[in-house]
Amino acid sequence: MKVWLACFLVLFALAELFDWLQEFNLPLPIYILGGAFLAVASNYDKIVGSYFADSSIEASLEQPQLDSLTPSTNPISFPISSPVEDVQTSQTSPTDD
């Protein structure tokens with residue numbers, strides 16, 4: 001009998017809590033901040049953990065050295081196509097069937 005009474009009280013409390021939560025409204029900025037927090041929290045190990053564990057980050061922070069400081073001797077050229085000519089389209093009038 002005690003188990004039945006305990007289950008009844010727990011289910012009653014859950015039903016009342018569910019009714020209260022349905023009437024509970026938060027402003028939109030709270031939802032946006034909550035979503036941003038959840039996104040950061042769920043990807044925390046990918047965002048922060050990879051910076052400490054990845055040694056290639058240290059290598060990429062060093063200043064890159066260029067192979068040559070002189071410009072290339074082979075110029076880059078792009079072919080220019082001829083200008084587009086205006087094409088006149090004939091308009092057909094709809095015919096009655």
Side-chain angles (χ1 to χ4, degrees):
M1 181 74 177
K2 291 180 183 179
V3 174
W4 288 103
L5 184 61
C7 288
F8 174 76
L9 290 176
V10 168
L11 289 175
F12 179 75
L14 287 174
E16 289 297 319
L17 179 67
F18 183 70
D19 281 343
W20 178 73
L21 287 176
Q22 281 185 334
E23 295 175 8
F24 187 70
N25 291 325
L26 291 174
L28 183 61
I30 299 297
Y31 284 115
I32 294 171
L33 289 175
F37 173 75
L38 288 174
V40 169
S42 65
N43 294 314
Y44 182 77
D45 59 337
K46 294 178 185 174
I47 296 170
V48 176
S50 63
Y51 288 119
F52 296 121
D54 194 6
S55 62
S56 65
I57 299 293
E58 295 172 3
S60 68
L61 291 177
E62 298 174 1
Q63 183 146 1
Q65 297 178 0
L66 299 175
D67 292 337
S68 65
L69 298 175
T70 59
S72 175
T73 57
N74 298 332
I76 299 174
S77 63
F78 297 102
I80 300 174
S81 61
S82 61
V84 178
E85 298 178 4
D86 292 333
V87 178
Q88 295 181 352
T89 59
S90 62
Q91 295 180 350
T92 59
S93 61
T95 57
D96 295 328
D97 290 331

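Small disclaimer: the values here were computed from a predicted structure and weren't measured.
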Can you tell me how far the [atom1] atom of [X] sits from the [atom2] atom of [Y], to the nearest 0.5 Å?
X: L38; Y: N43; atom1: CG; atom2: CG; answer: 10.5 Å
X: L28; Y: L33; atom1: CG; atom2: CG; answer: 9.5 Å
X: E16; Y: L11; atom1: CD; atom2: CG; answer: 12.0 Å

Query - Contact check, side chains of L21 and F18, non-hydrogen atoms, under 4.5 Å - result: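 Side-chain contact under 4.5 Å: no.
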Query raised in the report: Who passes side chain to side chain contact (heavy atoms under 4.5 Å, CB included) against I30, sequence neighbours left out?
Result: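 Checked I30 against side chain to side chain contact (heavy atoms under 4.5 Å, CB included); matches are L26, P27.
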Query raised in the report: For F12, which residues count as a ring pair (Phe, Tyr, Trp, His ring centres under 6.0 Å) partner, sequence neighbours excluded?
Result: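 Expected list: none.
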Query raised in the report: Which residues satisfy the ring pair (Phe, Tyr, Trp, His ring centres under 6.0 Å) test with W4, sequence neighbours excluded?
Result: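 Applying ring pair (Phe, Tyr, Trp, His ring centres under 6.0 Å) to W4 gives none.
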